[in-house]
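Within every chain, numbering begins at 1; the chains are lettered A, B, ... in the order of the sequence lines, protein sequences first and strands thereafter.
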Amino acid sequence: MFSLPAISLRRRAALASFLLLSVSATRAFAEGSAQTGYNQRLDLTNYALTLKVDALAGEVITIAGRPVTNAAGPYPWPGSTAGMSAVITTPAGQVLVRPMTTGAGILSVARIEDLPRDAANQPALPTAGPNAPLLFEATLTGTYHIAFRQTSGASRADLLPYDISVVPNAATPARPLVPPGGRGRLHSTRWGFDAGSFVQAAATNAQYYVQAPGAVAGSSYIWQMDLQGLAGYVYDVIANDTGLDAPYSRSSRTRWLTPAPKNTPLYEIYLTPPAAQNPAVRPQVAFTGSGGNGITLQGLGGTFRFRSNLAGSYQLVVDVNRDGLFDGSTGSADAILAGRSVVGVNDSLWNGKDVTGQVVPAGVYSARLFLRVGEFHFVAYDDENNYPGLAIRRVDASTLASNPALMYWDDRQVPVPDGSRRSGGGTPALLTTLPAGVMSNVTRHAWGNTWVSNSFGNEAYVDTWVIGDEDSTPITVEIQAPAADLDGDGVSNSFDEYPCDPDKSSAVFVPSASSMGLVMFEDLWPSNGDFDFNDTVVAYNYELIYGAGERLTAIRANFSVLAIGAGIHSGLGLALPIPVSAVSQVHRRIGGGGADVPMVYSSEGNLVLHVIHDLRSAFSVGEDYINTRASEPVRRPLTITVLIELDEPASLTASQAPFDLFLYWTHEPAHEIHRPMYRGTEAMDPTLFGTQSDGSTETRHFVNNRGVPFALDVPTSTLYPVEKTPIDWLYPDILAFGTSGGTTARTYYASNVRPQHAYTGDVFGDLRPAPTVAPRVEVYASGCRRVFE
Amino acid sequence: MSKHHLRALLLLGGLLGCGSDPSPDPEPPPQGDSALGNDPIPPDFTFQTTRPLAVEIASEAGGGEATAPDQRLRLEVRSATLGVIYRGSILAGATFRFDYPLPADITELELVTVDDSGLETVRTVKLDPQTPGLSVVVGGGS
């Protein structure tokens, strides 16, 4: 079955655009300098730009531009018949280099309006001869990436004007002044321009359109970014959902900070509105604490847990300075957590400190949790002047009507050169619009009207943002002093690893609190498989929890299923040397879902549980393999947490970890596969021993007749083989490890590794998923409650 | 190529039933491709990669090193490679024991104690690969 949740929102938006694109008319689509202006050179000198064009199979992409030097003011590229090529990457990944020459891509006109006019009196690119564009036929429906390579010339060149059009066929001339109108085809996550100067005449008045994904597949927020007088000389245009990366998000900053501010491209930026559907679902957030009376411990922090109805971004602000504002301003010395939310349960880990790094003292604080979708930030970098300024409007994807929006900025942390922030009329511009925002039809975000280099925006990141939709909920956080003993177990909070639980005070972690080991399975036992040990790959992390009396009181097992390189449906089991009579509770959580109870049974009086009965079905990806073949998309690991609570002593020791973690066939549960030191549970079908290639003995089980096991454990989350590659190709030292009986090459998984035989990711460029230990949520800011209550 | 769009198209292909390879099991075993088992493997070898390490940590009663009013030290055992393997506290005069599956490349552990004033003491302990246990006394000053 097709599963949308497996792809990101951005990719859903791309898919949706394509579906809309597929039904659009076969008219010409032209975009370029006609939109970005004739005083803005497409900057190929300072930026490695890649433009993207959406095209249907059979359409023709036309590429045209006039190379100009990066000296002030454009003039024709010397020897314009050579020196520049278009590098086109097709949707299939094929890279093609097409020289641009006179008659095939090189323009001689300074403005599109200077082109010869066609019968409709529109400037048009001729299909042959001077000013004819480079033609490239799209053989596949998809996105074509276009970069420019310069192969000769004394100095590098930019393009002005430039035009990239999509026409139905090679005989149809492109008409760059006819905009596509709601079907923008040309986009990029980074545009770069060189205006040649800071003077007012070099400022840009361009409009850009940003596509921010909605929470539901196929929907998008389309934002119109209306620039009026942005003068940055050399500048780029980037859009994302947070502004600067943490810790400077949602604020303007000078570049001279440590760590250095970083502005990360995320959203696609168009020159005309792209095809899209309006969002139909609004965000709803619910804090899942206990009545809003949260308790955490000074200096310890905790985990905030909330439930979201959609994937968006969240922000949680603890009003540490008690100013009554939850504006998220990093200048406010509040405690701020921010990140991306998933549908369902979300945990946000807090270190107990405010934005300045100071431990928040004991006391009762108000907090507010925000959930947002469609948030869009434009961070202008090193743009000295911007007057009369920037306005952002929301575009209705159906009607293309633009409507004013609440705009936010917070420029308080940027040094203000004397006088340069003032607007043209002498009225001081707003330093911040937080928390209420200002309507973009009333006030623009403006700075610096001096048209010189040392204005307000010089070497500064200036953030302006809007929010598509938002929901929020209040929280109360109580922070207790560390000397208290919150759970009354005789161990004071500062010495108690679990200060909210009287049955827990310390823990042994395997492999460690922050790392995971791997168990890798072959699932065809007693038949030989291909010994790539990726039929199921499970990362594990165990936490053996002790009470104040140093008695084992609980075991938490974190599993992260990384790979399924097989078609067989299997379940994951765990047998522990713990008497069933000693167990008081067993709880399980799969992914972000709620807690439930897995199937539990007794084997020779000890505890066995089915961690999950059908791994493959839990991924919901049909018959695809999971993270073993590069041709299939990387999938997020399936995380499972199991908590086993004990009310009687048990002799379990951490040195037995990862314990008897085994595989069984979902439709034949008696078909178990364990590591060789285990002989199976009472539920197993013993008649499988001795059949086919099995070489099990009284002392060693689940090996073939050459002594090769069907499950391997390594104490680190290292590489595993790509599909159908024997493990000894990846880890050649495992041969010596096996023949020596473990006396040599005991760390075969870390020596002489041949990573070319490992699964590293997909052909789309996504890397293999890295397992992470599930966050512990014993300490709730929402109340001193245990995770599975 | 645009990986985002290609992925979208591949997924769309999956939706239309024209893009996925079901690859039914059982896979044909490529006999002989793996050299594992070509040379004899000792009959009782289980491919275990770790060895059990018995850790015993004793805290001196009273002693010169400051302890909290409730006579506890915060205690952490960690590996520079792996991270924290034990975190909790130890009562003055008490002994805490735990067993741990030690990877072969871990040759030393760090014991970190913190008293109620926040003073942190780090002690590095070398591990003898021939010795199954580790016994350490804390709380007596370092």
Side chain to side chain contact (heavy atoms under 4.5 Å, CB included) between F531(A) and L36(B), worked out: CA-CA 9 Å; F531(A) 294 105; L36(B) 194 57; 5.6 Å; no
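- Annotation: the span from E698(A) atom CD to D44(B) atom CG amounts to 13.5 Å, rounded to 0.5 Å.
- In terms of non-hydrogen atom pairs under 4.5 Å with chain B, the most contact-rich of T699(A), V510(A), L140(A) is V510(A).
- Looking only at side-chain heavy atoms (C-beta outward), V491(A) and R72(B) come within less than 4.5 Å of each other.
- Between chain B and the residues G707(A), A711(A), P715(A), S527(A), the largest count of heavy-atom pairs under 4.5 Å involves P715(A).
- Side-chain contact between Y748(A) and T49(B) is present, with at least one heavy-atom pair separated by less than 4.5 Å.
- Most heavy-atom pairs under 4.5 Å with chain B, from the set P732(A), P676(A), P658(A), G695(A): that is P676(A).
- With rounding to the nearest 0.5 Å, the separation of CZ in R97(B) from OG1 in T653(A) is 14.0 Å.
- With respect to the salt-bridge test (charged N to carboxylate O, under 4.0 angstrom), the residues E543(A) and R87(B) do not qualify.
- Nearest heavy-atom pair across T50(B) and R746(A) is O-NH2, 3.3 Å.
- Here the side chains of I734(A) and F47(B) are in contact, with some heavy-atom distance below 4.5 Å.
- Residues R74(B) and E497(A) form a side-chain contact, since some pair of their non-hydrogen atoms from C-beta on lies under 4.5 Å apart.
- Judged by distance alone, with hydrogens and angles left aside, the side-chain atoms of R700(A) form a donor-acceptor pair with the main-chain N or O of P43(B) at under 3.5 Å.
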Let's go through V508(A) and I85(B) carefully: what are the C-alpha distance in whole Å and the side-chain angles of both, what is the deciding distance for side chain to side chain contact (heavy atoms under 4.5 Å, CB included) to 0.1 Å, and is it a yes or a no? CA-CA 6 Å; V508(A) 175; I85(B) 63 174; 5.5 Å; no
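- With sequence neighbours left out, the ring-ring contact (aromatic ring centres under 6.0 Å, His included) criterion links F96(B) to Y546(A), Y86(B), F98(B).
- At least one side-chain heavy atom of N38(B) sits less than 4.5 Å from a side-chain heavy atom of R706(A).
- With chain A as partner, the option from A104(B), G88(B), G37(B), P101(B) having the largest number of non-hydrogen pairs under 4.5 angstrom is P101(B).
- Counting heavy-atom pairs closer than 4.5 Å to chain A, the top-ranked of the candidates S79(B), P52(B), A54(B), G83(B) is G83(B).
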For residues 736-743 of chain A, run the donor-acceptor check on the side chains, cut-off 3.5 Å, and write out each pair with its distance to 0.1 Å, sequence neighbours left out.
residue : atom : partner : partner atom : Å
T739(A) : OG1  : L735(A) : O            : 3.0
T739(A) : OG1  : A736(A) : O            : 3.4
S740(A) : OG   : A736(A) : O            : 2.8
S740(A) : OG   : F737(A) : O            : 3.3
S740(A) : OG   : G742(A) : N            : 3.3
S740(A) : OG   : T743(A) : N            : 3.3
S740(A) : OG   : T744(A) : N            : 3.1
S740(A) : OG   : T744(A) : OG1          : 3.0
T743(A) : OG1  : S740(A) : O            : 3.0

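- Here the side chain of W729(A) pairs no donor or acceptor atom with the backbone of S34(B) at under 3.5 angstrom.
- Proximity of a side-chain donor or acceptor of S655(A) to a complementary backbone N or O of Y100(B) within less than 3.5 Å is not detected.
- Summarising the geometry, atom CD1 belonging to I90(B) is positioned 11.0 Å from atom OG belonging to S505(A); distances are rounded to the nearest 0.5 Å.
- In this structure, the portion of I727(A) lying under 4.5 Å from any heavy atom of chain B is its side chain and not its backbone.
- Judged by distance alone, the side chain of D99(B) and the main-chain N or O of A654(A) form no donor-acceptor pair under 3.5 Å.
- Between Y749(A) and P103(B) there is a side-chain heavy-atom pair separated by less than 4.5 Å.
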